[in-house]
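First the structure, in the form of structure tokens, and then the observations on it.
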Amino acid sequence: MTNSISEIKDCKLIFLIGGNPTEAHPIVGLEMKKALRKGCTFIVADPRQIWFAQQAKLYLPLKPGSDNWLLNAMAHVILDEGLENKEFIKTRTEGFEELKAFVKDITPEKASEFTGVPAEDIRQAARLYAKSEKSAIYYTLGITEHTCGTDNVRCIANLALLTGHVGKSSTGVNPIRGQNNVQGATDMCLPDKLPGYQLFSDEKVVEKFEKNWGVTLNKKLGNTAPTMFDRMSKGEFKALYVIGEDPIMSEPNQDYTIKGLKSLDLLVVQDIFMSETAHYADVILPATSFAEKDGTFTNTERRVQRVRKGINPIGNAKPDWKITCELSTRMGYKMDYPSPKEVWDEIASLVPMLAGINYGRIEQNGIQWPCPDVKHPGTKFMHEGKFPRGLGKFFVLPYRAPAESPDKDYPLLLTTGRTLYHYGAGTMTRRSAGIIHKTNDCFVEVHEADAGKLGIFDGEMVKVVSRRGEITARAEVSDKVKKGVIWIPMHFAEAAVNKLTMDAYDNITQTAEYKVCGAKIEKI
Amino acid sequence: MVMVPKIKVSIDGKTVEVNKGKTVLQVANSMGIQIPTLCHDSRLEPFAACRVCMVEVEREKSNALITSCSTEATDGMVIRTDSEKVLKTRKTVLELILSDHPKDCMTCDKCGACTLQDLAYEYQVRDSRFFEKPDGGITEDENPAIQQDTSKCILCGRCVRICSEVQQDYAIDFKHRGFTTETGLPFGKPRRETTCVLCGQCVSTCPVGSLVEKQAAGKARDWELKQIKTTCAYCGVGCTMYLNVKGNEVVKVTSKTGSIPNDGNLCVKGRFGYDFVHHPDRLKQPLIKKNGRFEEATWDEALDFVAGKLNDIKARYGPDTIGVFSSSRCTNEENYLAMKFARAAVGTNNVDQCART
């Protein structure tokens with residue numbers, strides 16, 4: 001997020017697109033509710049009538065995968081009606097003329113055909129967003145889990161650059177991160193970059209790491225997870241060490257994932273439970289939960305926060321950091337740290353954006369990166385006065401259709417997501433008594449008109465089928481989801497929606513298109 | 001910037017200059033003067049239901065008792081928080097509240113953390129002069145998360161207000177009239193059939209033992225619990241919370257107002273989704289698959305096996321046939337080490353994590 005969670009309550013306008021904070025990020029949801037009580041205007045774009053859609057001044061029920069049309073058409077309206085921030089565009093951006101020429105033809109009327117949102121509502125959304133004194137965009141995976149996910153994010157950035165709604169308090173571009181430490185994992189652990197997004201192409205950076213670690217680095221950029229699975233399918237990959245992840249549940253097209261894992265000579269799974277993936281392992285290493293270890297997480301507002309050990313490890317389990325160190329030492333590369341604090345000190349010494357953060361400083365409250373030195377207070381909101389690359393760049397982004405759209409054989413558009421009560425692959429929440437008493441089964445949201453055509457009643461068990469597999473789930477019939485769209489949560493191993501989703505990926509981030517594929521429903 | 005006008009207020013003989021728009025309670029607290037409260041929670045709008053925050057304000061004709069939580073401080077106000085009149089009134093209010101509250105502190109889970117108990121002690125209210133008739137009891141409900149005992153409810157309305165003002169779920173409200181008034185779910189429905197989202201915010205704000213964490217009931221007295229400050233391991237918001245530990249067991253999870261970024265609020269997963277930690281399914285011993293079946297192994301056996309096999313594959317096929325998946329669920333330190341392991345120990349850049357999925 002470019003802004004902080006504490007800034008949400010002071011927003012004058014929130015444009016929420018492809019995110020459902022009351023369920024997926026409940027405490028950010030509470031901050032948005034505070035803003036709502038203070039009179040903040042909400043524009044909500046989502047194929048489902050989520051809680052904030054019901055409270056919004058403007059609800060745009062767009063068809064999944066059509067975000068590009070909506071966002072480019074909003075840019076069109078902003079320019080057509082002269083609502084752009086000319087000073088900001090002149091001093092802080094580049095590539096404006098190209099964008100202007102491109103969006104000239106993206107009229108709300110055309111966008112309406114693709115999105116299903118009335119043209120006048122698109123106009124109104126653009127006006128409200130551009131004119132408000134403190135507008136902020138909030139989005140999550142509804143924007144990114146597409147083959148055009150990066151394009152979508154850049155379309156959002158275009159709107160912020162056009163209006164100058166970035167680099168100020170309560171005004172910015174805010175992806176709400178899904179997992180507790182997805183920010184930190186990305187900061188630390190990428191195949192094509194060194195920690196803190198430092199580049200292999202920078203000789204000084206490589207030299208710094210080589211000197212600190214006492215090794216010569218392999219200069220060939222690494223494979224992303226999808227590329228590793230691709231190489232597995234071709235028999236080019238031999239071993240995988242999986243730490244705290246359940247790819248069989250979380251990767252798209254489950255059959256393909258399982259085939260890949262089966263092709264390996266060695267699969268090592270390090271986890272707290274026997275996950276779906278662990279069944280295919282050659283060796284399972286028992287790790288500890290967050291309650292049994294020390295360390296730090298980095299939250300969605302870039303705040304590095306302490307995790308503290310409350311209890312001793314259960315059974316013979318060991319914290320992940322210890323297991324990795326012991327394994328490394330046995331392989332011949334010695335890793336020996338008395339505690340995670342010393343690991344952090346090494347990180348801070350190598351990563352400039354984290355250099356000013358240490359355990360002593362975050363004893364009470366976490367600090368938000370970038371924090372370049374120990375006197376620096378941390379960064380509440382980003383991009384004030386300057387972007388990391390200098391000028392903000394407009395991108396010209398023509399619409400690209402999803403990899404698979406509904407057709408004659410699979411006429412419904414399947415989109416997936418998360419619920420309030422369960423989390424991820426369900427390994428934790430489905431072992432929590434209070435939660436499973438409330439809800440513990442997979443369901444498929446179907447629009448009442450579609451259900452009517454199929455003769456399906458609310459509560460009935462149905463079969464959901466795609467080109468890649470089928471699952472059985474309980475039908476939830478209502479008008480919550482857009483007509484022609486069905487929605488299934490991802491938490492339930494016995495009805496894993498990723499048996500149905502497609503292994504098509506964003507061209508840049510290689511995030512899978514979990515949000516769009518063709519499907520059909522059959523009566524049982 | 002809009003300039004906020006300043007006002008002068010005198011409390012217990014000390015005068016301060018503060019911004020206009022604060023309540024008497026807020027001004028007193030900012031001066032380090034404590035005023036007892038029961039129905040006040042900084043996350044909620046003032047309600048002035050419990051009346052224990054009464055203070056005396058000087059007036060021309062006769063001094064007035066006002067509720068400090070709901071009265072805005074005004075310029076020139078002279079306030080006493082500890083006059084005889086205030087103390088006597090407060091004691092009477094406590095007697096009235098206790099007339100409708102059971103005195104079973106010895107078995108109450110809130111004992112030691114109960115504001116009413118603390119105030120009764122401070123003001124030495126042993127018996128109430130009023131007719132005593134605590135009614136109600138534990139509401140029967142199968143849900144294992146939240147336990148309600150209506151006999152202990154003091155009608156401060158904090159649960160009702162946090163549900164409507166903060167959560168905006170409107171799942172609970174006041175019911176009935178007079179002595180039989182209580183708070184709760186509509187029509188005596190089971191919790192899971194109502195709009196209650198099990199956030200447990202009502203539990204977090206209840207000043208007495210009327211709403212408690214059901215799974216913690218009977219497990220530990222408050223003073224036996226060690227509170228360990230940590231960060232929630234579910235979504236990316238990063239709520240600050242406290243593991244309440246007795247022995248080697250997480251008995252419950254709580255938070256505190258003022259915590260960053262959640263101000264004491266938690267959701268259903270953060271507050272009640274901790275019991276997986278002690279679930280019998282936890283993996284407790286390394287396992288090696290032999291002839292298609294997992295067999296328990298020692299750490300030495302398992303780690304030597306993996307290290308040997310990885311070195312073997314590396315030597316035979318090269319390091320780039322090996323990959324490491326780390327996790328957004330692990331700490332920064334663990335992700336860093338997984339990355340370092342891939343690059344320094346294996347010699348490959350094939351290291352990724354679940355941020356893409």
Side-chain angles (χ1 to χ4, degrees), chain A residues 5 26-27 33 177 179-182 184-186 188-189 191 213 215 222-225 228 238-245 250 266 282 284 286 289-291 295-297 299-300 305 307-308 310-311 314-316 320-321 324 328 330-331 333 340 343 347 365 428-429 431-434 438 511, chain B residues 143-145 168 192 228 230-231 233-238 243 245 248 260-262 267 272-273 275-277 279 282-285 287-289 303 306-307 309 313 317 321-337 339 341 344-345 347 349-350 352-357:
Chain A
I5 293 168
I27 304 305
K33 285 172 179 177
R177 308 300 309 257
Q179 293 166 320
N180 57 325
N181 198 33
V182 58
T186 321
M188 294 300 134
C189 209
W213 294 352
V215 295
N223 300 151
T224 61
M228 287 190 237
K238 299 296 172 194
L240 190 64
Y241 173 26
V242 179
I243 304 171
E245 194 176 341
S250 59
L266 177 71
D282 298 292
I284 299 175
S289 74
F290 81 111
T296 55
F297 293 153
N299 79 349
T300 185
Q305 298 172 290
V307 178
R308 290 183 183 84
I311 57 168
I314 303 288
N316 261 332
D320 295 277
W321 65 271
T324 304
S328 183
R330 277 166 211 252
M331 280 183 71
Y333 181 77
V343 183
I347 296 170
N365 292 314
M428 288 153 67
T429 47
R431 291 184 172 91
S432 180
K438 180 86 184 177
T511 291
Chain B
N143 192 286
Q168 302 189 23
R192 73 169 172 193
I228 292 104
T230 191
T231 305
Y234 280 106
C235 80
V237 178
L243 303 174
V245 173
N248 203 46
I260 293 175
N262 51 314
C267 76
F272 296 120
D275 38 347
F276 73 89
V277 169
H279 197 279
R282 277 289 299 272
L283 294 167
K284 299 183 187 76
Q285 193 68 32
L287 301 170
I288 300 178
K289 199 180 262 173
L303 291 170
V306 176
K309 197 97 183 166
I313 291 170
Y317 304 105
T321 61
I322 300 171
V324 178
F325 279 6
S326 189
S327 173
S328 300
R329 317 292 287 139
C330 291
T331 62
N332 287 319
E333 291 78 0
E334 288 162 346
N335 276 288
Y336 172 81
L337 290 176
M339 180 277 309
F341 172 82
N349 290 311
N350 294 340
D352 207 0
Q353 25 73 32
C354 43
R356 286 171 225 282
T357 55

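In what follows, chains are A, B, ... by sequence order, proteins preceding strands, each numbered from 1. Below, all heavy atoms of this structure are taken into account, side chains as well, without hydrogens, waters or symmetry copies.
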Of all heavy-atom pairs between [X] and [Y], which one has the smallest distance, and what is that distance?
X	Y	value
S250(A)	E245(A)	OG-OE2, 4.5 Å
C189(A)	M339(B)	SG-CB, 3.9 Å
S328(B)	Q353(B)	OG-OE1, 4.0 Å

Mind checking the [atom1]-[atom2] spacing from [X] to [Y]? Nearest 0.5 Å is all I need.
X	Y	atom1	atom2	value
I311(A)	S289(A)	CD1	OG	5.5 Å
F325(B)	N350(B)	CZ	CG	9.5 Å
M228(A)	I322(B)	CE	CD1	11.5 Å

Top residue by heavy-atom pair count (under 4.5 Å) with chain B, among [options]?
options	answer
I347(A), T324(A), D282(A), I284(A)	I284(A)
L240(A), V215(A), T186(A)	L240(A)
D320(A), T300(A), V307(A)	D320(A)
A291(A), P340(A), S432(A)	S432(A)
G295(A), A239(A), S328(A)	A239(A)
A433(A), P26(A), G184(A), P191(A)	P191(A)

I'd like to know which of [options] tops the heavy-atom pair count under 4.5 Å against chain A.
options	result
G238(B), A233(B), A307(B)	A233(B)
E333(B), Q285(B), Q168(B)	E333(B)
V324(B), T321(B), N262(B)	T321(B)
N248(B), N143(B), I260(B), V277(B)	N248(B)
R329(B), K289(B), K309(B), H279(B)	R329(B)
A145(B), P144(B), C267(B), G347(B)	P144(B)

Structural part of [X] lying under 4.5 Å from a heavy atom of chain B:
X	value
M428(A)	both
Y241(A)	both
I5(A)	side chain

Does any heavy atom of chain A fall under 4.5 Å from the side chain of [X], the backbone, both, or neither of them?
X	value
I228(B)	side chain
L303(B)	both
L243(B)	side chain

Open item on the list: Taking the side chain as everything from C-beta on, heavy atoms only, tell me whether V237(B) gets closer than 4.5 Å to P261(B).
Closed with: yes

- [ ] Side-chain contact test, heavy atoms from C-beta onward, threshold under 4.5 Å: evaluate it for F297(A) versus T331(B) and give yes or no.
- [x] yes

Between the side chains of [X] and [Y], does any donor sit under 3.5 Å from an acceptor?
X	Y	answer
Y234(B)	T429(A)	no
D352(B)	N223(A)	no
S326(B)	E334(B)	no

